[in-house]
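Everything on this sheet refers to the single structure shown next.
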Amino acid sequence: MAEQITDKKLKNKRFRKTEEAIIMAFFTAKEILSVDRLIKIAGISRSTLYRHHKSVYEIAPNYERYILKKYNRALKRSLKIKRTRLPGIYRKTLIFIKSHHQIIEFLLQHGRPDLIEKMINMLKPKLISTGKITNEAMFEIYCKEVSGVITRWLLNGSEKAEILSVVDKIIYLTDSAKLRLGPITEQTKIC
């Protein structure tokens, strides 16, 4: 029976080694993987694959749930601190992404292009509390802009030294959201 991916399981040397083999099989294969091709490339048995994942198609969703759950826990710890400001939260977000870049890049390349956008959506309560994002339509546009900046940074090498400049770009997007996106209203009047 397939189980969820957790930090505890990834600390287990045998589990981690098998998961690394499965992910490397994904990276090396150019076409869609079948179970037979995956177990051959990974050098594992069929039963081992099914102990880790329900199917080949569940590998990316399992890792997406793992990353989002882990990010949510990290975000909750950041938001508990009363003096946490938006630049600090974005800096912590980029550090989180950098420290998990292999899994996140794997997900971006294997059918999860909206992962960064989902992570930014988790910041919605904090962003709305700043007053710079005033409604849902504005937030959706903002979310796509910020996730685009972060995705480009991640796919272009994501140097730790660049984190502050990426945070500055995001804060500029946040500060100028009302000016750039205009007075988007929830309901528009038709004359």
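- Inter-residue side-chain proximity for Y90 and I95 is flagged as unmet; no heavy-atom pair is nearer than 4.5 Å.
- Using modelled atom types, no side-chain atom of T48 and backbone atom of I44 make a donor-acceptor pair closer than 3.5 Å.
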(request) Before giving the answer on side chain to side chain donor-acceptor pair (under 3.5 Å), spell out for S34 and R37 the whole-Å C-alpha distance, their side-chain angles and the decisive distance to 0.1 Å. (result) CA-CA 5 Å; S34 65; R37 181 132 169 81; over 6 Å; no
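- Classification of the F139-Y142 ring pair by plane angle, with boundaries at 30° and 60°, yields tilted.
- Residues I116 and I104 are in side-chain contact: their nearest non-hydrogen atoms beyond the backbone lie under 4.5 Å apart.
- Inspection of the E58 and H52 side chains reveals no N or O donor paired with an N or O acceptor under 3.5 Å.
- In this structure the side chain of I170 reaches within 4.5 angstrom of the side chain of I150, judged on heavy atoms.
- Note that the CG atom of L173 and the CD atom of E145 stand 5.0 Å from one another [nearest 0.5 Å].
- Put simply, the side chain of R51 does not reach to within 4.5 Å of the side chain of F15, judged on heavy atoms.
- Between Y71 and H100, the distance from one ring center to the other does not fall under 6.0 angstrom.
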(message) Apply side chain to side chain contact (heavy atoms under 4.5 Å, CB included) to residues N121 and C143 and explain how you reach the verdict.
(response) CA-CA 7 Å; N121 266 313; C143 191; 4.0 Å; yes
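- The closest side-chain heavy-atom distance from M122 to K118 is not below 4.5 Å.
- Annotation: side chain of R65 is in contact with side chain of N62 (closest heavy-atom distance under 4.5 Å).
- Contact check for W153 versus K169: no side-chain heavy atoms found under the 4.5 Å cut-off.
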